[in-house]
There are 2 protein chains.
Amino acid sequence: MGKSTTERDQGAVAAPEAGRPTLKTIAFMTGLGVTTVSRALKDAPEIGEETKKRVQLVARQVGYRPNRAGVRLRTGKTNVISLVLNTEDQIMGFVSDIIYGISETLAETPYHLIVTPYSSKKDPMEPVRYVVETGSADGIIISRTQPDDPRVRYMTERGFPFATHGRTHMGLDHPFHDFDNYVFGIEAVRRLVSLGRSRLALLAPPSTLSYHHHTVNGFADGLSEASVTEFPHNTISIDDSIEHIRARTTQVMRRANRPDGFVSSAGAATLALVAGIEDAGLAVGKDVDIVSKQSSKLLHLFRPAIQVVNEDFRLAGRELARCVLGSIAGQTGPALQSLSRPSGVEAYEEPVSFGTPTPQAAE
Amino acid sequence: MGKSTTERDQGAVAAPEAGRPTLKTIAFMTGLGVTTVSRALKDAPEIGEETKKRVQLVARQVGYRPNRAGVRLRTGKTNVISLVLNTEDQIMGFVSDIIYGISETLAETPYHLIVTPYSSKKDPMEPVRYVVETGSADGIIISRTQPDDPRVRYMTERGFPFATHGRTHMGLDHPFHDFDNYVFGIEAVRRLVSLGRSRLALLAPPSTLSYHHHTVNGFADGLSEASVTEFPHNTISIDDSIEHIRARTTQVMRRANRPDGFVSSAGAATLALVAGIEDAGLAVGKDVDIVSKQSSKLLHLFRPAIQVVNEDFRLAGRELARCVLGSIAGQTGPALQSLSRPSGVEAYEEPVSFGTPTPQAAE
DNA sequence: GCAGAAATCTGTAACGTTACAGATGCTTGC
DNA sequence: GCAAGCATCTGTAACGTTACAGATTTCTGC
């Protein structure tokens, strides 16, 4: 029962122990020390070439996978990304696409994706604070970004890695991915104008969110470009209920000097918009034209006359994951900032002042 | 530098150490041993009442949160639920609703939700095997359940807790939540019949999935009830592309003896169906009626004439989380099995043979 | 031949938690 | 007075990993 009396007894690791293989298992099998095995598996320079090969071979053979709890406890690294989501958000699920996009990028890494939801009735800071304070993830992805976002401030102050879906205008240089809603706004107006429309209304995102402003600015610049007037439709936003959007739109469309063109920032809201228009006895493509963003490609089934602009949320997910991984790796700057257009993703070039982002149009 | 020479030196814990509070911190503050603190926080009987109160007070004050890695390493318990998802799945995002539902239930527990995706091009077993083998979660939720599902067999054999969205017919008694698609099928037919329709077609889920059979059986029983004929439309399923469904439907609707009623198992597919019908120059609510399931409440905006049946995926998420938690807690049997109807959830009463589930209709 | 460097390997300790097997002191019974 | 029992509390070890500070051996220069 005593220790084996073999002369080379020092390096010998105690027990084989069935179950999931650990470093100890491999150490036992190779006759090496646990430390050596650990270092060998991460290709450390102070381990002999042949030893590394041998260890890595054995590890592969037995299907070794580092124990996450062990690593996490020792190093503090969780290998987890947290996606913070508003649970009242987003009917018609662009959420699943973002998740799939993130997953695609994370698939080639040791990272897992955990979803941390919050109710919009509660404090949006709460989930962020939870993750940061408990260290339950290495990085956070947030959406519904605001121009002056307390979450961004909080994480920046603490040096906690994150990426935002949407830009801020806080003078902070942080990782983000965003759809260029300025371009969307201006292009949408151009398209409506080219269809002969001249009294244009915008169904915008809620005014608390950054992309509200981008969209509004693009829309406004489009209007002045063509010397066309805006029809104010800003008592509602795409976050309002279907019923509300519908009813309000009907009201508006019954006025004498009603709008003849709409720009809508969300697919589901567009459905309500169309319903409201039709409730007023008017027809899309005839009495009125609509340019709408959409994530799923369903609007043209709904009313073929709707002009659609696709926003690829799976792409956004991939980009956001890339950004947050970069942030975790300590990178900063423009490499972690990107804008996407209907046509694709582009690097975010010059940090322009908020309000006139990337004035050049997509082509 | 030597140990303090206070007489009562035994119980004294070494250092305060700034940062996140641990058991050690509380032990130091209370003058108790780490073990005592640990036991006190979980209300163990061998700890004095007053001590427990004191420890719990201090813990609350300093905002103590057990270190997940520590617990996980020591006990093997991850406090994680894994949701396994097919990334090609489900346009129009019922996925987000399921996630939100699960989150609602998990919110009151220490559990986190991690999303483990797989591509449908790959082996659906792979993510399940990964989670089970690496022990990266305490329980798994799967969807796209098949009548004879290898994942269910695998997890059952290994005694790994799980819940399925959808039933199996493997003679295994496992936790599940399901929508009663038999009732949907039969009720859908009844509704079409009551609208005077008699040549009915079913746009069903793919035949590999369990709920295909439930739906088909309900549909068939509805037909024979009313002595109405089926119009075979089974070369396509709701998993086919929008374009494919649309084109195929148009073909079918151009035949002389075309169907005059449709039952559709998914909202997005219904959009394609309608497009196909209209491509053939026919109108929903006039030439043809449709009864469709939907998760988001958007179909009535699309074509008000569509008869809709709502499937609440947020509810499904809540139920699935409840089931898998029960499974983790060692529960078994009917308490972890539930069916939902448009009207709500019901316990799954008698284990009926596959093919004739819960024949009583919702009322 | 030998000091010293280089190359390669090693054990120990620690991360925070809990199972386990005691300790300690106070009652109780007789 | 004291054994036995009880109520409370305790330290140690272990989960799997890695940082650290050595060990050991071999190679080099002179």
Side-chain angles (χ1 to χ4, degrees), chain A residues 3 7-15 17 19-28 30-55 59 62 64-79 110 134-136, chain B residues 3 7-28 30-55 59 62 64-79 110 134-136:
Chain A
K3 283 184 177 179
E7 57 173 12
R8 187 166 167 72
D9 188 68
Q10 347 143 329
V13 174
E17 314 249 342
R20 207 151 84 86
T22 69
L23 290 180
K24 211 158 139 186
T25 316
I26 301 175
F28 181 80
T30 54
L32 296 165
V34 175
T35 303
T36 312
V37 174
S38 172
R39 310 283 298 125
L41 285 176
K42 35 179 66 70
D43 238 352
E46 72 265 32
I47 305 294
E49 271 317 315
E50 206 219 282
T51 307
K52 282 198 252 186
K53 291 259 180 297
R54 201 156 58 93
V55 169
V62 300
Y64 170 77
R65 308 246 196 185
N67 180 304
R68 306 191 123 237
V71 175
R72 180 163 169 178
L73 183 57
R74 177 65 239 239
T75 64
K77 190 142 201 301
T78 62
N79 284 312
T134 65
S136 55
Chain B
K3 283 185 176 179
E7 56 173 9
R8 185 165 169 71
D9 189 65
Q10 347 144 328
V13 174
E17 314 248 343
R20 208 151 83 85
T22 69
L23 290 180
K24 208 157 140 188
T25 317
I26 301 175
F28 181 80
T30 55
L32 295 165
V34 175
T35 303
T36 312
V37 174
S38 172
R39 310 281 300 126
L41 285 176
K42 34 179 66 68
D43 238 352
E46 73 265 30
I47 306 293
E49 271 315 315
E50 207 219 280
T51 308
K52 282 198 250 185
K53 291 259 180 295
R54 202 158 57 93
V55 169
V62 300
Y64 169 76
R65 306 247 199 185
N67 179 304
R68 306 192 122 234
V71 175
R72 180 163 171 178
L73 183 56
R74 179 65 240 241
T75 65
K77 189 142 200 304
T78 62
N79 284 313
T134 65
S136 56

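Below, chains carry the letters A, B, ... as their sequence lines are ordered, and counting in each starts from 1.
T22(A) comes within 4.0 angstrom of the backbone, heavy atoms only, and of no base. Within 4.0 Å of T36(B), counting heavy atoms only, lies at least one base atom of the nucleic acid. Backbone-only contact: K42(A) has heavy atoms under 4.0 Å from sugar-phosphate atoms and none from a base. Contact annotation for L23(B): base contact, defined as any heavy-atom pair under 4.0 Å involving a base atom.
We find that NZ of K53(B) is positioned 13 Å from P of dT8(D), with the value rounded to whole Å. One can place CD1 of I26(A) at 14 Å from P of dT10(C), the figure rounded to the nearest angstrom. In this structure, E46(A) places its CD atom 11 Å from C1' of dC20(D), rounding to the nearest Å. Rounded to whole angstrom, the span from the CZ atom of R20(A) across to the C1' atom of dT17(D) amounts to 12 Å. K52(B) places its NZ atom 13 Å from the P atom of dA7(D), with the value rounded to the nearest Å. Put simply, CG on L41(B) is 13 Å from P on dC9(D), counting in whole angstrom units. Between the C1' atom of dG16(C) and the CG atom of N67(A) lies a distance of 14 Å, rounded to the nearest Å. One atom, CZ of R68(B), and another, P of dT17(C), lie 13 Å apart when rounded to the nearest Å.
Side-chain atoms of R74(B) come within donor-acceptor range of the base of dT18(C), with a qualifying N/O pair under 3.5 Å.
Each of G48(B) and L73(B) was assigned the nucleotide of DNA chain D with the nearest heavy atom; the assignment lying further toward the 5' end belongs to G48(B). Residues A69(B) and R39(B) each lie close to DNA chain C; by heavy-atom proximity, the contact nearer the 5' end of the strand is made by A69(B). Taking the nucleotide of DNA chain D with the nearest heavy atom to each of I47(B) and G70(A), the more 5' of the two is matched to I47(B).
What you find for L41(B) and A59(B) is that their closest heavy atoms are CD2-CB, 3.7 Å. Contact between R72(A) and A69(B) at its shortest, heavy atoms only, is CG-CB, 3.6 Å. Of all heavy-atom pairs between V34(A) and K24(A), the closest is CG2-CA, 4.3 Å.
For R54(B), the side chain to side chain contact (heavy atoms under 4.5 Å, CB included) criterion is met by T30(B), L32(B), E50(B), not counting sequence neighbours.
In the set dT18(C), dT17(D), dT8(D), the nucleotide with an atom closest to the side chain of V71(B) is dT18(C). In the set dC9(C), dA19(D), dT18(C), the nucleotide with an atom closest to the side chain of T75(B) is dT18(C).
For the atom pair Y64(B) OH and I26(B) CD1, the distance stands at 6.0 Å (nearest 0.5 Å).
Close to dC9(C), at under 4.0 Å from its OP1 or OP2, lies a side-chain N or O of T51(A).
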